[in-house]
Amino acid sequence: MTEHAIKLNNLTKKFGDFTAVDNLSLHVEEGEIFGFLGPNGAGKSTTIRMLCTLAQPTSGSALVSGYDLVEDSAKVRKEIGLVAEKMIMYDTLTAAENLRFFGKLYDMPKEKIELRIDELLELVDMQEWKNTQINKFSTGMKQRINVIRALLPEPKILFMDEPTLGLDPQTTFSIREIIRNINNNGVTVILTTHAMTEAEALSDRVAIIDHGKIAALDTPENLKNMLVNSDITIFTMKIMNLSSKLIEQLKTLKIVTAIAQQDDHHIKISATGKDALNQIIDKIRLEGGDIFSIVNSNESTLEDVFLTVTGKEMRDQATEKPAPVQHGHAPKARVR
Ligand SMILES: Nc1ncnc2c1ncn2[C@@H]1O[C@H](COP(=O)(O)OP(=O)(O)OP(=O)(O)O)[C@@H](O)[C@H]1O
Ligand SMILES: [Mg+2]
């Protein structure tokens, strides 16, 4: 019995001169759902790959279930399951055939595999599809099989790299329910996402990472309260003649901590102090800006936290919008 499911100690990964994961130190408690939240390229997948022994750390170390990643990698592998970024599935095989194939890879005894397949199909409500070919499935159904594939050998820790990416809202909802069920069965879950709502809905604690570093780490609740209890205000402005020059001018104000441009007319500003709004309005007028509206939200979101701690907006907002549903097939993964 170990105290922490996972413990990272200055875990670092470099690709040449580029540091993808930069001295990450954190721990994940047993039984937790831990969210890794960050924009494209933040280093989420690289961290997961190291923790799953698929990539070697450049420096630093980590313990998974008490075993060292590098020295005890075989033992680490016995403790974990991975739902990777890309689905791995044979289209011409049935659900059960796919699961059997992977069960054999995991070196599980035959009878155990059959028992486990039935158990897991029930967990994701797919019993009636057991002997149907995967290519007849919707993306959501495939993802359910993809998820339980990782659970076959009964891992204590499950890594999920963007488990709902590209799924429509309804399917996303059902996958989240499944993640909760898995966790309720005692499995520690580490999940990466760049969807704020996902991190918020599922995680006991969230690490916001950017450029391979932790920008903030706490419960979603505490992260949001961090702003409520500070003198930071965040508001969205619609400016008819918004220009990059105007944004640069606003950034020169001392009270402005971050500005994110949302579209041709909207900016989101994070600023400190009681007089912040007045100063900003004065500045915009001085620069000839035409303010159409100002919305001051008194309920802060994880997105606001991200803006405040990193000074910028999550770069990939597209995935927060519901994906179009086309005959049960979700769009392909995003392009970087
Ligand atoms: N094998 C590699 N060789 C060189 N650079 C890499 C390699 N793998 C990842 N990187 C770089 O490391 C950085 C972190 O990548 P990573 O895939 O971990 O990001 P991520 O947070 O998972 O992003 P996303 O949200 O797009 O999945 C990126 O800049 C990426 O281009
Ligand atoms: Mg990734």
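One-based numbering, in listed order, for ligands and for the atoms of each.
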Pair Gln170-Asp168, side-chain donor/acceptor within less than 3.5 Å: no

Nearest atoms (heavy-atom pairs only) where Lys142 meets Met87: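 So the minimum-distance heavy-atom pair works out to CB-SD, 3.7 Å.
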
Among Ile88, Asn146, Val189, side-chain contact (heavy atoms from CB on, under 4.5 Å) partner for Val83: Asn146

Report yes or no: does a heavy atom of [X] sit under 4.0 Å from some atom of ligand 1?
{"X": "Phe18", "result": "yes"}
{"X": "Lys13", "result": "no"}
{"X": "Glu162", "result": "yes"}

Would you say [X] has any N or O atom under 3.5 Å from an N or O of ligand 1, going by distance alone?
{"X": "Ala42", "result": "yes"}
{"X": "Thr47", "result": "no"}
{"X": "Gly43", "result": "yes"}
{"X": "Gly41", "result": "yes"}

Of all N/O/S atoms in Glu85, the name of the one nearest the Mg ion (ligand 2): OE2

The Mg ion (ligand 2) reached by Asn40 (N, O or S, under 2.8 Å):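 Checking Asn40: none of its N, O or S atoms is under 2.8 Å.
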
Cut-off 3.5 Å, no hydrogens considered: what does the side-chain donor-acceptor table look like for residues 54-63, sequence neighbours left out?
unit_1, atom_1, unit_2, atom_2, d
Thr58, OG1, Lys14, N, 2.7

Thr12 side chain reached by Val21 side chain, heavy atoms, under 4.5 Å: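 Val21 does not reach Thr12 side chain to side chain.
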
Part of His194 within contact of ligand 1 (heavy atoms, under 4.0 Å): side chain

Whether over 12 other heavy atoms sit under 6.0 Å from Lys224 NZ: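 Count over threshold, so yes.
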
Cation over ring face, Lys238 and Phe292, 6.0 Å, 45°: yes

Close-contact set for ligand 1 against Ser45 heavy atoms, below 4.0 Å: 17 (O), 18 (O), 20 (P), 22 (O), 27 (O)

Partners passing side-chain contact (heavy atoms from CB on, under 4.5 Å) against Asp125 (at least two apart in sequence or in another chain):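 Applying side-chain contact (heavy atoms from CB on, under 4.5 Å) to Asp125 gives Gln127, Arg144.
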
